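Starting from 1, each residue takes its place in the sequence as its number. A quick note: this is a predicted structure, and the numbers were derived from the prediction, not measured.
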Amino acid sequence: HLGIDIDGGFAEYALAPEANIFPLPGDVAVDEAVMLSSALPAAVHAVRRAGVTSGSRVAVSGIGSIGLMVCQVCRAFGATTIVAADVDDGQLEAATPWVDGTLNTRSLDPAGVAERLAALAETVHGVDVAFETAGHPASLDAMVRMPRPGGTAMLMGICDGPTAISFDDYLSDFVRREVNLITTFGFTRQDFLVGNALYLDGRVDLGRLVGATVELGAVPDVLAHIAEHGTQGKRYIVDVGMGRR
């Protein structure tokens, strides 16, 4: 992972290993091609690890850029029921083409979120896969309550600081349900191949992720802005040559 395992994610010049390079048709929009490098393969990696298949019922908590991509990839993989949760109505609205129901969780506790999402998904026993992409303890608490017996909670979000999962009745509410807890981070080369194919086939919309384009020198200010205000589901594009034009 450039910028994670290898330095150079914000460098003006960087050497990219040959295995990190993927050919794309010449008519692909550059701003959308940028989105192929992170949000889409991360979503593909999680959906593949979680085992989403045709007919799966899915819940997604946190509709930022990753959550929005998870909704789209789940639909592309054949999920027939997808429900989405977030505290921002605008981000929920962005997901509506790919989901069957949305829930604003701002005034709900985790148990209430799980109950309302299950009702939206029209399931008594829970969904097949619940994705936590918000990186918030309350979201995590809600999603581990969502899977049906034998279902999966896919934990993608990165919570800040100590994080715990608790149940009023650990045996009945958790252990007896035989829930699979899976985590994911990043992606593999295979996820790029799958994600690129989905994009080139027109099965995912990357345009909804495209945010503002900024020059390299603006990166510190942009990161500070994101830390305070979030991303509103968008990805900034860094044009390393902008300042020299």
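- Counting heavy atoms from C-beta on, the side chains of T53 and F77 never come closer than 4.5 Å.
- Minimum heavy-atom separation, A79 to V58: CB-CG2, 4.1 Å.
- T188 is listed as a side-chain neighbour of D191, based on a closest heavy-atom distance under 4.5 Å.
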For side-chain contact (heavy atoms from CB on, under 4.5 Å), just list the numbers for F22 and L36, CA-CA rounded to whole Å, side-chain angles, deciding distance to a tenth of an Å, and then say yes or no.
CA-CA 10 Å; F22 300 88; L36 293 169; over 6 Å; no
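- Of all heavy-atom pairs between P17 and I6, the closest is CG-CD1, 4.2 Å.
- Annotation: side chain of F192 is not in contact with side chain of H45 (no heavy-atom distance under 4.5 Å).
- In this structure, the side chains of V52 and C74 come closer than 4.5 Å at one or more pairs of heavy atoms.
- Within the 3.5 Å criterion, the main-chain N or O of G211 finds no donor-acceptor partner in the side chain of T213.
- V83 places none of its side-chain heavy atoms less than 4.5 Å from the side chain of V60.
- Side-chain atoms of Q72 come within 3.5 Å of backbone atoms of D205 as a donor-acceptor pair (strictly under, hydrogens ignored).
- The closest donor-acceptor contact from the side chain of R106 to the backbone of V87 lies under 3.5 Å.
- Between H1 and F187, the ring center distance clears the sub-6.0 Å criterion.
- A donor-acceptor contact shorter than 3.5 Å links the side chain of T133 to the backbone of G62.
- Between I63 and A85, the closest heavy-atom pair is CG1-O, 3.8 Å.
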side-chain contact (heavy atoms from CB on, under 4.5 Å) between L2 and D7, worked out
CA-CA 6 Å; L2 282 170; D7 288 343; over 6 Å; no
Chi angles and distances behind the side-chain contact (heavy atoms from CB on, under 4.5 Å) call for Y199, M35:
CA-CA 10 Å; Y199 171 67; M35 302 303 147; over 6 Å; no
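- The minimum heavy-atom distance linking H125 with P149 is given by the pair O-CD, 3.6 Å.
- Checking R235 against S38 by side-chain atom types alone, a donor-acceptor pair falls below 3.5 Å.
- In terms of modelled atom types and a separation under 3.5 Å, the side chain of R57 and the main chain of I82 share no donor-acceptor contact.
- Of the possible polar contacts, one joining the R177 side chain to the P147 backbone as a donor-acceptor pair under 3.5 Å is found.
- In terms of hydrophobic clustering, with Ile, Leu, Val, Met, Phe, Trp and Tyr side chains grouped at heavy-atom distances under 4.5 Å, L155 and V113 are assigned to different clusters.
- The shortest distance between side-chain heavy atoms of E122 and D100 does not fall below 4.5 Å.
- For S172 (side chain) and D169 (main-chain N/O), no donor-acceptor pair under 3.5 Å exists by modelled atom type.
- A donor-acceptor distance shorter than 3.5 angstrom exists from the side chain of N180 to the backbone of G151, with no hydrogens or angles considered.
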What verdict does the side-chain contact (heavy atoms from CB on, under 4.5 Å) test give for L140 and H136, after you've listed the backbone C-alpha separation in whole Å, the side-chain angles of each residue and the deciding distance to 0.1 Å?
CA-CA 6 Å; L140 174 65; H136 191 281; over 6 Å; no
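- The pair D141-R145 meets the salt-bridge criterion, since a charged nitrogen lies less than 4.0 angstrom from a carboxylate oxygen.
- In this structure, A84 and L117 approach most closely via the heavy-atom pair O-CD2, 4.1 Å.
- E132 and S139 share a side-chain donor-acceptor pair at under 3.5 Å.
- The nearest pair of heavy atoms linking A218 to V214 is CB-CB, 4.1 Å.
- Between the side chain of T105 and the backbone N or O of L108, no donor-acceptor pair lies under 3.5 Å.
- In this structure, R203 contributes its side chain and A76 its backbone to a donor-acceptor pair below 3.5 Å.
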